[in-house]
**Student:** 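This is the structure, below, for whatever I ask next.
Chain identifiers are assigned alphabetically (A, B, ...) following the order of the sequence lines, protein sequences preceding nucleic acid strands; residue numbering begins at 1 within each chain.
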There are 2 protein chains.
Amino acid sequence: MQQLFLSVDAQRRDSWREAFPDLNVGFLESHLPPTALIWALPPAGTSPETVVSPLRARAPESLLILLSDEPDEDEALAALAAGAAGYCNGHAAPTVLQQAATVVENGGMWIGQALMKRLLSTTTSLLKQRPATNEVWRDTLTAREQDVALAVARGASNKEIARQFNITERTVKFHVSALLEKLGARDRLQLSLIINGVPRLT
Amino acid sequence: MQQLFLSVDAQRRDSWREAFPDLNVGFLESHLPPTALIWALPPAGTSPETVVSPLRARAPESLLILLSDEPDEDEALAALAAGAAGYCNGHAAPTVLQQAATVVENGGMWIGQALMKRLLSTTTSLLKQRPATNEVWRDTLTAREQDVALAVARGASNKEIARQFNITERTVKFHVSALLEKLGARDRLQLSLIINGVPRLT
DNA sequence: TTTCCTACTGTACCGAAGTACGGTAGGCGA
DNA sequence: TCGCCTACCGTACTTCGGTACAGTAGGAAA
């Protein structure tokens with residue numbers, strides 16, 4: 001597959017031309033072939049979307065690998081989410097670049113070992129917190145108790161809850177007491193922590 | 001690179017042998033060559049870790065692609081996190097499997113287009129929520145106030161906080177009052193919502 | 001040296017939260 | 001019909017949270 005290297009930095013283009021003699025190089029604004037593997041090295045600080053989206057619009061059939069001199073997780077995510085097929089350190093060794101090309105040409109995505117590791121770990125840790133947020137607490141509660149629980153969880157006072165549901169403050173207290181008992185909370189604050197899925201340390 | 005297909009399902013092994021005549025097939029318990037590309041199709045419902053970890057322990061140099069008849073995001077994440085190089089639908093077309101092999105052999109990771117898309121979207125959406133949790137509230141607070149704020153946020157009573165920091169309950173109240181004033185909260189529950197980054201509706 | 005900020009403490013007070021007793025009324029299955 | 005659950009309400013009480021109005025002590029900057 002034809003490969004094309006794009007950058008605004010003339011010096012970088014020269015060094016790439018040297019490293020990959022059979023590579024086409026050009027500006028980010030160059031004419032694009034309909035089908036190619038495009039390497040793009042935008043200036044540092046450019047957000048990936050502003051580079052990836054126009055390129056994909058101009059050459060929808062092409063594969064795009066975004067290069068970065070200071071690769072980081074967020075940028076990689078943004079690039080791939082915008083439609084890039086790969087994200088790679090601009091100073092990577094030629095063999096690594098070859099591998100990236102192979103992977104991408106075969107329909108894979110390339111973000112490098114280190115970044116993939118970090119991406120995986122953050123995602124799994126984020127997902128681990130999510131299920132805790134899950135609404136297990138609803139299981140043993142009646143409909144009314146769930147109403148009151150949600151109100152307490154967002155910080156409402158008994159008086160406010162009473163007004164909201166058109167019942168007396170006394171009845172609110174009744175429900176709150178039941179909630180504390182059922183969910184094993186000491187007071188409404190711990191109740192709100194449970195409802196909101198905030199991890200407990202105690 | 002030598003490829004090896006592992007499963008406990010005899011029928012599946014036969015169909016694979018048919019589709020890939022030059023492929024070695026075996027049980028999950030088979031002897032493993034030191035260096036190979038291993039395809040493993042564990043029985044449905046098996047957690048990826050229990051398959052991946054032992055395999056990687058027995059053949060650390062090998063590349064492992066986990067197959068699943070009912071692929072889903074969580075399982076893919078678990079598999080890759082455990083050290084698999086790929087995760088793929090067990091019913092995927094031979095060409096797709098070939099691509100996966102190419103990608104993995106070149107040091108890439110393979111989880112398929114659809115799964116990658118979903119993984120990216122969930123990760124970005126999760127990361128988008130994170131910054132809201134960001135600790136803006138620390139800005140205007142003194143060191144002691146931050147201590148007390150964190151304690152309040154996890155549900156500690158004034159008495160407990162006093163014990164924790166070796167100060168009187170009175171002083172805790174002093175700090176809490178300052179916190180409520182500075183962060184614009186009505187009571188300690190709303191304070192905890194702010195600290196914990198729970199979105200406010202009021 | 002004066003001034004300001006931070007950290008800390010004391011007494012007194014009020015209101016909210018939560019508990020402990022009680023009670024009524026309706027629905028639902030045995 | 002009898003229990004059981006749910007939702008609701010009342011009074012009295014204790015505890016906790018929070019405020020008001022005080023004060024002391026140390027450090028840092030003017």
Side-chain angles (χ1 to χ4, degrees), chain A residues 133-202, chain B residues 133-202:
Chain A
T133 316
N134 247 343
E135 313 201 320
V136 201
W137 53 271
R138 287 187 184 268
D139 290 359
T140 57
L141 304 185
T142 69
R144 200 46 143 185
E145 285 170 346
Q146 293 182 29
D147 295 339
V148 175
L150 284 175
V152 170
R154 50 155 239 268
S157 69
N158 289 341
K159 197 171 293 188
E160 288 168 339
I161 299 173
R163 266 201 299 275
Q164 179 181 347
F165 297 118
N166 239 334
I167 55 180
T168 63
E169 201 178 333
R170 175 64 195 86
T171 305
V172 176
K173 286 187 176 185
F174 172 81
H175 289 306
V176 170
S177 291
L179 287 168
L180 298 180
E181 170 72 20
K182 283 187 178 180
L183 298 181
R186 189 177 56 190
D187 50 38
R188 62 202 297 114
L189 205 160
Q190 294 195 344
L191 185 61
S192 104
L193 295 181
I194 294 173
I195 305 291
N196 288 317
V198 177
R200 210 53 140 316
L201 309 178
T202 326
Chain B
T133 316
N134 246 344
E135 312 199 322
V136 202
W137 54 271
R138 287 186 183 268
D139 291 358
T140 57
L141 305 185
T142 68
R144 200 47 143 186
E145 285 169 345
Q146 293 181 30
D147 294 339
V148 175
L150 284 176
V152 170
R154 50 157 237 269
S157 70
N158 289 340
K159 197 172 293 186
E160 286 169 340
I161 299 173
R163 266 201 299 273
Q164 179 180 348
F165 297 119
N166 238 336
I167 55 181
T168 63
E169 200 179 335
R170 175 63 192 87
T171 305
V172 176
K173 288 186 176 186
F174 172 82
H175 289 308
V176 170
S177 291
L179 286 168
L180 298 181
E181 169 73 22
K182 283 187 177 179
L183 298 180
R186 189 177 56 188
D187 50 37
R188 63 202 295 114
L189 204 161
Q190 295 195 345
L191 184 62
S192 102
L193 294 181
I194 295 173
I195 306 291
N196 288 317
V198 178
R200 246 285 225 353
L201 308 179
T202 323

**Student:** Measure across Ala149(A) and Ile195(A) and return the closest heavy-atom pair with its distance rounded to 0.1 Å.
**Tutor:** CB-CD1, 3.9 Å
**Student:** Using the test side chain to side chain contact (heavy atoms under 4.5 Å, CB included), find all partners of Lys159(A) that sit at least two apart in sequence or belong to another chain.
**Tutor:** Ser157(A), Arg163(A), Glu169(A)
**Student:** Between Arg186(B) and Ala156(A), is there a donor-acceptor pair closer than 3.5 Å when you use the side chain of the first and the backbone of the second?
**Tutor:** no
**Student:** Using atom types as modelled and distance alone, determine if a side-chain donor or acceptor of Asp187(B) lies under 3.5 Å from a backbone N or O of Gln190(B).
**Tutor:** yes
**Student:** For nucleotides 10-24 of chain C, read 5' to 3', which letter fits each nucleotide if B means a protein heavy atom sits under 4.0 Å from the base, S means only the sugar-phosphate is that close, and - means neither?
**Tutor:** BB----SBBBBB---
**Student:** Identify whether any heavy atom of Thr142(B) sits under 4.0 Å from a base atom; if not, whether one sits that close to sugar-phosphate; answer base, sugar-phosphate or nothing.
**Tutor:** sugar-phosphate
**Student:** CD of Glu160(B) versus C1' of dG17(D): gap in Å, rounded?
**Tutor:** 14 Å
**Student:** Which residue lies toward the 5' end of DNA chain D, Lys182(A) or Ile167(A), if each is placed at its nearest nucleotide?
**Tutor:** Lys182(A)
**Student:** Mind checking side-chain hydrogen bond (donor to acceptor under 3.5 Å, both in side chains) for Ser177(A) and listing every partner two or more places apart, or none if nothing turns up?
**Tutor:** none
**Student:** Would you kindly give the CZ-to-C1' distance between Arg144(A) and dC5(D), to the nearest whole Å?
**Tutor:** 16 Å
**Student:** Please report the interatomic distance CG(Leu141(A)) to CG(Asp147(A)), rounded to the nearest 0.5 Å.
**Tutor:** 10.5 Å
**Student:** Which whole-number value in Å describes the distance from Ile161(A) CD1 to dC9(D) P?
**Tutor:** 14 Å
**Student:** Using atom CZ of Phe165(A) as one end and atom C1' of dT6(D) as the other, report the distance to the nearest whole Å.
**Tutor:** 16 Å
**Student:** Tell me: CG of Leu141(B) to P of dC5(C), nearest whole Å?
**Tutor:** 16 Å
